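Right, one structure below, let's go through it.
From a predicted model like this one, the values you see are computed outputs, not experimental measurements. A note on names: the letters A, B, ... follow the listed sequences, proteins ahead of strands, and every chain is numbered from 1.
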Protein chains: 2
Amino acid sequence: MSGKLQAEIKQSKPFPRLEDEAFVNLIRTADRLVSAQAQLMKPWDLSPTQYNVLRILRGAGHEGLCCGEVGERLITRDPDITRLLDRMESRGLVTRSRDRKDRRVIAVRITQAGLKLLEEMQPAVEEFARKHLGPLGAARLRTLIDLLEQARERAG
Amino acid sequence: MSGKLQAEIKQSKPFPRLEDEAFVNLIRTADRLVSAQAQLMKPWDLSPTQYNVLRILRGAGHEGLCCGEVGERLITRDPDITRLLDRMESRGLVTRSRDRKDRRVIAVRITQAGLKLLEEMQPAVEEFARKHLGPLGAARLRTLIDLLEQARERAG
DNA sequence: TCATTTTATTTGTTTAGACAATTACTGTAA
DNA sequence: TTACAGTAATTGTCTAAACAAATAAAATGA
């Protein structure tokens with residue numbers, strides 16, 4: 001089961017440290033999954049991050065969320081929420097409206113079109129996760145989740 | 001140990017499917033690690049991908065590698081090797097020279113300056129992996145590696 | 001009340017990512 | 001030999017990522 005990554009990246013020497021092998025494996029696996037997911041979403045012209053925003057906003061319901069909150073809940077961080085939302089707003093997927101009480105705050109809400117798009121994409125996106133991770137089975141997934149959370153504890 | 005991610009992304013409902021939770025966890029962990037690593041490398045003005053190129057070229061030795069090979073061995077794929085190498089060449093970290101036998105091919109080699117930079121950065125980079133993943137211990141790292149390789153089998 | 005700090009978002013600018021199209025060269029087969 | 005397909009790398013172009021700086025509003029405190 002081991003040495004697989006070593007062959008993939010055509011490395012002549014084995015990894016000297018287990019941490020390095022785990023690190024490279026983790027980054028590579030995530031990159032491949034995100035790339036494949038991005039390909040999957042292409043027919044709808046939506047990036048994984050934009051899809052993520054739609055899910056967050058659907059979860060937030062009627063009240064919507066302010067820009068900062070959207071940014072914090074994103075799976076991968078994005079240093080420019082403003083223009084991410086600009087693009088989505090110009091496509092009619094979200095709306096922005098200034099809060100009456102605190103006029104610094106902009107509430108972002110998902111539109112009907114955004115909800116529709118999300119529902120349209122959802123089956124394919126769910127199938128994707130099932131296809132790639134489902135075969136590991138519940139016990140292994142549970143273990144994987146725990147290990148990842150432990151790794152992230154030191155990453156902030 | 002569970003529900004940690006749910007709190008992080010302020011999700012009100014738990015994940016309905018274990019695959020989704022594992023997927024999101026994986027992507028998020030990788031994103032945080034790469035971001036932190038990029039920060040770490042900033043004093044040398046080198047991106048994780050560029051660092052990766054230097055390591056690949058050091059491993060390749062005197063002969064160097066052609067552009068395509070460099071691209072294949074990268075941890076995260078990059079659709080524009082040419083300009084990635086342009087930047088590194090203009091900084092004097094790598095050299096390019098056309099192969100005499102097959103004039104389509106460009107051999108890329110690391111320079112003395114590239115080797116020096118790599119050696120200069122290496123301690124910090126290794127400490128980084130040790131700090132974040134070392135605490136899991138050998139057994140868990142082995143398990144993590146195996147699980148990631150299994151997940152990647154279906155991702156191509 | 002008025003200066004000061006803090007918070008939320010936006011804007012400007014530079015660099016890198018993505019992808020199609022192109023150039024340059026090699027190998028093959030009529 | 002010459003047309004053609006295949007391969008390696010580059011170029012053009014558009015969009016998005018990154019990061020610093022700026023704007024605008026609210027909260028704080030003399």
task: In whole angstrom, give the distance that lies between atom CZ of B/Arg100 and atom C1' of C/dC25.
output: 17 Å

query: Just the endpoints, please: which first and last nucleotides of DNA chain D, 5' to 3', lie under 4.0 Å from a heavy atom of chain A?
result: D/dA16 to D/dA26

task: Please identify each residue that fulfils side chain to side chain donor-acceptor pair (under 3.5 Å) with A/Gln122, with sequence neighbours left out.
output: A/Arg58, A/Glu126

- request: Calculate the interatomic distance between B/Met88 atom CE and C/dT15 atom P; express it in whole Å.
  value: 17 Å

message: For B/Arg130, give me all partners under side chain to side chain donor-acceptor pair (under 3.5 Å), at least two apart in sequence or on another chain.
response: none

- request: Would you name the heavy atoms of A/Val53 and A/Leu85 that are closest together and state the gap between them?
  value: CG1-CD2, 4.1 Å

task: Look at atom CZ of B/Arg100 and say whether more than 12 heavy atoms of other residues, nucleotides or ligands are closer to it than 6.0 Å.
output: no

I'd like a list of close polar pairs between nucleotides 4-14 of chain C and the protein, N/O only, cut-off under 3.5 Å.
unit_1: C/dT7; atom_1: O2; unit_2: A/Arg104; atom_2: NH1; d: 3.2
unit_1: C/dT9; atom_1: OP1; unit_2: A/Cys67; atom_2: N; d: 3.1
unit_1: C/dT9; atom_1: OP1; unit_2: A/Ile106; atom_2: N; d: 3.1
unit_1: C/dT9; atom_1: OP1; unit_2: A/Ile106; atom_2: O; d: 3.3
unit_1: C/dT9; atom_1: OP2; unit_2: A/Gly68; atom_2: N; d: 2.7
unit_1: C/dT10; atom_1: OP2; unit_2: A/Thr82; atom_2: OG1; d: 3.2
unit_1: C/dT10; atom_1: OP2; unit_2: A/Arg96; atom_2: NH1; d: 3.3
unit_1: C/dG12; atom_1: N7; unit_2: A/Arg83; atom_2: NH1; d: 3.2
unit_1: C/dG12; atom_1: N7; unit_2: A/Arg83; atom_2: NH2; d: 3.4
unit_1: C/dG12; atom_1: O6; unit_2: A/Arg83; atom_2: NH2; d: 2.2

message: List the residues meeting side chain to side chain donor-acceptor pair (under 3.5 Å) with B/Glu63, not counting sequence neighbours, and say none if there are none.
response: none

statement: Between CZ of B/Arg103 and C1' of C/dT23 the distance, given in whole Å, is 13 Å

task: Keeping the roles fixed (side chain from B/Asp78, backbone from B/Leu84), state whether a donor-acceptor pair exists under 3.5 Å.
output: no

statement: Rounded to whole Å, CG of A/Asp78 lies from P of C/dA16 at a distance of 18 Å

message: Here's a test of your reading of the structure: between A/Arg77 and A/Lys101, which maps to the more 5' nucleotide of DNA chain D?
response: A/Arg77

With A/Glu89, the salt bridge (charged side-chain N to carboxylate O under 4.0 Å, His left out) member among A/Arg83, A/Arg96, A/Arg109: A/Arg96

Side-chain donor-acceptor contacts of residues 33-49 of chain B below 3.5 Å, not counting sequence neighbours, with atom names and distances?
unit_1: B/Ser35; atom_1: OG; unit_2: B/Asp31; atom_2: O; d: 2.9
unit_1: B/Gln39; atom_1: OE1; unit_2: B/Lys42; atom_2: NZ; d: 3.2
unit_1: B/Trp44; atom_1: NE1; unit_2: B/Glu120; atom_2: OE2; d: 3.0
unit_1: B/Ser47; atom_1: OG; unit_2: B/Gln50; atom_2: N; d: 3.1

